[in-house]
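Heavy-atom basis, side chains included; hydrogens, waters and symmetry copies ignored. Numbers for residues simply follow the sequence, beginning at 1.
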Amino acid sequence: MQEDFRLIVDLVTVLAAASFGGLFAAALRLPVLLGYIFGGIVVGPTGLGLIKELVQVETLAQFGVAFLLFALGVEFSLKQLNKVKAIALGGGTLQVLLTIALTTALSVFVGWVETPTQGIFLGGILSLSSTAVVLRSLMENNETESAQGQVTLGMLIIQDLALGLMLAVLPALDHPESVGIEIIKALSVTALFAGGAIAAGTWVIPPFLRWVASTESRELFLLSVIVLCLGIALLTEQLGLSIEMGAFVAGLMISEVEYADQALTYVEPLRDVFATLFFAAIGMLIDPVFLFQNWELILGLVAIVMLGKFLIVVPLVSIFRYPLRVAIFAGLGLAQIGEFSFVLASEGQKLGLVSRRVYLLILGTTAVTLMVTPFLLKATPKILELLEKVPFLQAWMNKLDLPQELSANAELQDHVVVCGYGRIGQGIVALLQSKGYAVLVIEEAESKLEMLRSQNIPYLYGNCASPFVLEKAEIDHAHSMLIAISDPIATRLAVQRSIAIAPNIDIVVRAKKDADIDTLYQLGAKEVVHPTFEASLELTNHLLICLGEDEQAIQTEIMEMRRSRYVNFRPNTAFILPITVPLSPTLPSLIETDSKAA
């Protein structure tokens, strides 16, 4: 078979295996990411051995990393980065340095390594977490714009920057006298690149994209964005920094341009395809036989690594005055070894800093932590919910969750508090303001806050589940409250704590899951709206009218379905007793109207 055709066959094989693995994982209700990795294991060299051009496939898989980080840069604008710059720069840097220091001391003391230099190298490997895996998990759980998501991503970005520095310093580890010089060189190159990126992002990139967009050619715009992303990524690679750093900076450079959303829309399909290839390539590096033969040792290392990084990250995030729930989320999110540790470990093996056995142990430990991470992040809301119930932790979970900013035009008397300014929240606020109601929006995503500021809508910057924020919003003087956020744990806490402060407040809540409907009613919500079921009701309403049914009778039946908590639409509802709950005269109708559009 011709070599060029062989590569095409390998790519199709890897993508097919990843697709089947993803479908299998989805059928088992597991993160599809694990299916991609499992597919790579099956067709890789240690599995069925179907892939012949492994190096070429791994090279192409780097596009997935580049596009993932580019998309993150576009979404994670400079203004958002500025909001978490303290924890990103201070906490991220301290996390890397502390991990290296503690690993060096422990590995030398226990005898895992022969010299402190090898301990420093091992610490560098363990200090890195997986931006790609964590980012994908945050996207699947709609956590990228939450406070915990922003903190986690900010620290991950610093780790990616540190990777470039580690790769630059790595050859000098055998010559300790030149390490300082290499660090100064790497920092100088990074500073020069950052200065050039800021200049280009201000004076070159925006007019260039406007010129390309003026051609009204989708193909030219897509090609220009791809060249920009990969070109800057290759430039950073040539400068001795990392590809992912360049791709992220490229995204940041266009994040403030008016065509940023358009660029992201065009790149997303490529990102998803190549990211799948990347995760499958990780699977191809995993040797299941070696894992099985050394499973006790590897599980021990996994426990040490994950617990150690968790215990480092949680106090660091707390020191920067973030709530304990944010610190715990960041600790769990960063408690793994990143996929780029493969690159660092490979370079270290070439330089003789680690033996073949240690290298394989690093790969095995990294692989297991990467596979555990999606499960851990998916379970994090449940973990936080359980911790909320622990008496001595309850007071600490939101102790520092203070309101950050209250707009000057806020009216805090007989107002409607709207928690969340997503699509539903935006529609509700527009309708309320058109009817002359005073509104206060509680939001903690910087991108949404910018929208609120530009539209001169009263807002409170903070977490709506925090009792301090709710008191600042003066909900005891509010007329009604709408909760339309994506986090089910925060939604339940917001209802519970609002009722504790203002027992008679009229709360209307959007339920994200079927199981949340009864819980939210029990916590004190006056009305719980499920957008999916509302869409079903409206579609049924339209069809029955078209079929000639009496419109008044249909409306009566639909109102009864709402009062029964959508009992006819919900699975496993045999033991749910329909309870008649009075509808709020104003807000539910607005939510129903908005749910049609959503």
**Request:** Enumerate the residue pairs fulfilling side chain to side chain donor-acceptor pair (under 3.5 Å) with a member in residues 326-337, sequence neighbours excluded, ordered by first and then second residue.
**Result:** Gln336-Thr373

**Message:** Quick one: does any side-chain atom of Thr103 pair with a main-chain N or O of Gly124 as donor and acceptor, under 3.5 Å?
**Reply:** no

**Message:** If you compare all heavy atoms of Ala281 against all heavy atoms of Glu58, which two are closest, and at what distance to 0.1 Å?
**Reply:** CB-CG, 4.5 Å

**Request:** Say whether, by atom type as modelled, one donor and one acceptor occur between the side chain of Thr369 and the main chain of Thr366 under 3.5 angstrom.
**Result:** yes

**Request:** Report yes or no: do Gln95 and Thr99 form a side-chain donor-acceptor pair below 3.5 Å?
**Result:** yes

**Item:** Nearest-0.5 Å distance, CD1 of residue Ile205 to CZ of residue Arg210
**Value:** 11.5 Å

**Prompt:** Who pairs with Val32 by side chain to side chain contact (heavy atoms under 4.5 Å, CB included), at least two apart in sequence or on another chain?
**Reply:** Ala26, Tyr36, Glu140

**Contact check, side chains of Phe329 and Val317, non-hydrogen atoms, under 4.5 Å** = no

**Message:** According to side chain to side chain contact (heavy atoms under 4.5 Å, CB included), who are the partners of Thr491, at least two apart in sequence or on a separate chain?
**Reply:** Ile483, Ile485, Val509, Leu520

**Message:** With heavy-atom distances below 4.5 Å as the criterion, would you say the side chains of Ile282 and Met371 are in contact?
**Reply:** no

**Item:** Heavy-atom check, side chain of Ile337 versus side chain of Leu126, under 4.5 Å
**Value:** yes

**Item:** Non-neighbouring partners of Gln238 that pass side chain to side chain donor-acceptor pair (under 3.5 Å), sequence neighbours left out
**Value:** none

**Message:** I want to check something: taking the side chain as every heavy atom from C-beta on, are Arg453 and Leu449 in contact at a cut-off of under 4.5 Å?
**Reply:** yes

**Request:** Looking only at non-hydrogen atoms, find the nearest pair between Ile254 and Phe70 and report the distance.
**Result:** CD1-CZ, 3.6 Å

**Message:** How long is the straight-line distance from CG of Leu235 back to CG of Leu230, given to the nearest 0.5 Å?
**Reply:** 12.5 Å

**Contact check, side chains of Phe208 and Val257, non-hydrogen atoms, under 4.5 Å** = no

**Item:** Nearest heavy atoms of Phe121 and Ala345, plus distance in Å
**Value:** CZ-CA, 3.9 Å

**Item:** Side chains of Glu405 and Tyr459, donor plus acceptor under 3.5 Å
**Value:** yes

**Request:** Step by step, work out the side-chain contact (heavy atoms from CB on, under 4.5 Å) result for Cys464 and Glu444.
**Result:** CA-CA 8 Å; Cys464 67; Glu444 61 179 344; over 6 Å; no

**Message:** Taking ring-ring contact (aromatic ring centres under 6.0 Å, His included) as the cut-off, I'd like each qualifying pair that reaches into residues 44-64, sequence neighbours left out, listed once.
**Reply:** Phe63-Phe274

**Asked** Ile362 and Ile125: side-chain contact (heavy atoms from CB on, under 4.5 Å), yes or no, with the steps?
**Response** CA-CA 9 Å; Ile362 291 172; Ile125 291 175; 3.8 Å; yes

**Asked** Who passes side chain to side chain donor-acceptor pair (under 3.5 Å) against Asp10, sequence neighbours left out?
**Response** Arg6

**Prompt:** Taking only residues two or more places apart in sequence or in another chain, which ones pass side chain to side chain donor-acceptor pair (under 3.5 Å) with Glu443?
**Reply:** none

**Asked** So do Leu89 and Ile158 actually touch side chain to side chain, heavy atoms under 4.5 Å?
**Response** yes

**Prompt:** So, Thr236 side chain and Ala233 main chain: donor-acceptor pair closer than 3.5 Å or not?
**Reply:** yes

**Asked** Is there a donor-acceptor contact under 3.5 Å linking the side chains of Ser129 and Lys309?
**Response** yes

**Message:** Restricting to side chain to side chain donor-acceptor pair (under 3.5 Å), what partner residues turn up for Ser130, sequence neighbours left out?
**Reply:** Glu339

**Message:** Evaluate Gln455 against Tyr421 for side chain to side chain donor-acceptor pair (under 3.5 Å), listing each step before the verdict.
**Reply:** CA-CA 12 Å; Gln455 296 166 10; Tyr421 198 61; 2.7 Å; yes

**Request:** Would you name the heavy atoms of Leu291 and Gly364 that are closest together and state the gap between them?
**Result:** CD2-CA, 3.4 Å

**Asked** Residues two or more places apart in sequence or in another chain: which of them pass ring pair (Phe, Tyr, Trp, His ring centres under 6.0 Å) with Tyr266?
**Response** Phe221

**Item:** Residue pair Thr131, Gln159: steps toward the side-chain contact (heavy atoms from CB on, under 4.5 Å) verdict
**Value:** CA-CA 9 Å; Thr131 302; Gln159 290 182 6; 5.8 Å; no

**Message:** If we ignore hydrogens and angles and just use 3.5 Å, is the side chain of Thr215 paired with the main-chain N or O of Trp211 as donor and acceptor?
**Reply:** no

**Item:** For the student: nearest non-hydrogen atoms of Val249 and Ala197, plus distance
**Value:** CG1-CB, 3.5 Å

**Prompt:** For Leu228 and Ala250, which heavy atoms make the closest approach, and how far apart are they?
**Reply:** O-CB, 4.1 Å

**Prompt:** If you measure from CD1 on Ile87 to CG on Leu316, what distance do you get to the nearest 0.5 Å?
**Reply:** 6.5 Å

**Request:** Nearest 0.5 Å please: distance from the CG atom of Leu156 over to the CZ atom of Phe248.
**Result:** 10.5 Å

**Prompt:** Where do Phe320 and Val151 land on the side-chain contact (heavy atoms from CB on, under 4.5 Å) test, with the steps shown first?
**Reply:** CA-CA 11 Å; Phe320 283 85; Val151 168; over 6 Å; no

**Asked** Is there a side-chain contact between Val14 and Met284, using heavy atoms and a 4.5 Å cut-off?
**Response** yes

**Asked** side chain to side chain contact (heavy atoms under 4.5 Å, CB included) with Val42: which residues, sequence neighbours excluded?
**Response** Phe38, Leu48

**Message:** Could you check whether any side-chain heavy atom of Arg510 comes within less than 4.5 Å of a side-chain heavy atom of His530, counting everything from C-beta outward?
**Reply:** no

**Prompt:** To the nearest 0.5 Å, what is the distance between CD (Gln62) and CG (Leu277)?
**Reply:** 10.0 Å

**Asked** Who pairs with Phe375 by side chain to side chain contact (heavy atoms under 4.5 Å, CB included), at least two apart in sequence or on another chain?
**Response** Leu30, Pro31, Leu34

**Request:** Output the distance between atom CG (Leu332) and atom CD1 (Ile383), rounded to the nearest 0.5 Å.
**Result:** 5.0 Å

**Complete:** For residues 216-231, the side chain to side chain donor-acceptor pair (under 3.5 Å) pairs (sequence neighbours left out) are Ser217-Glu219

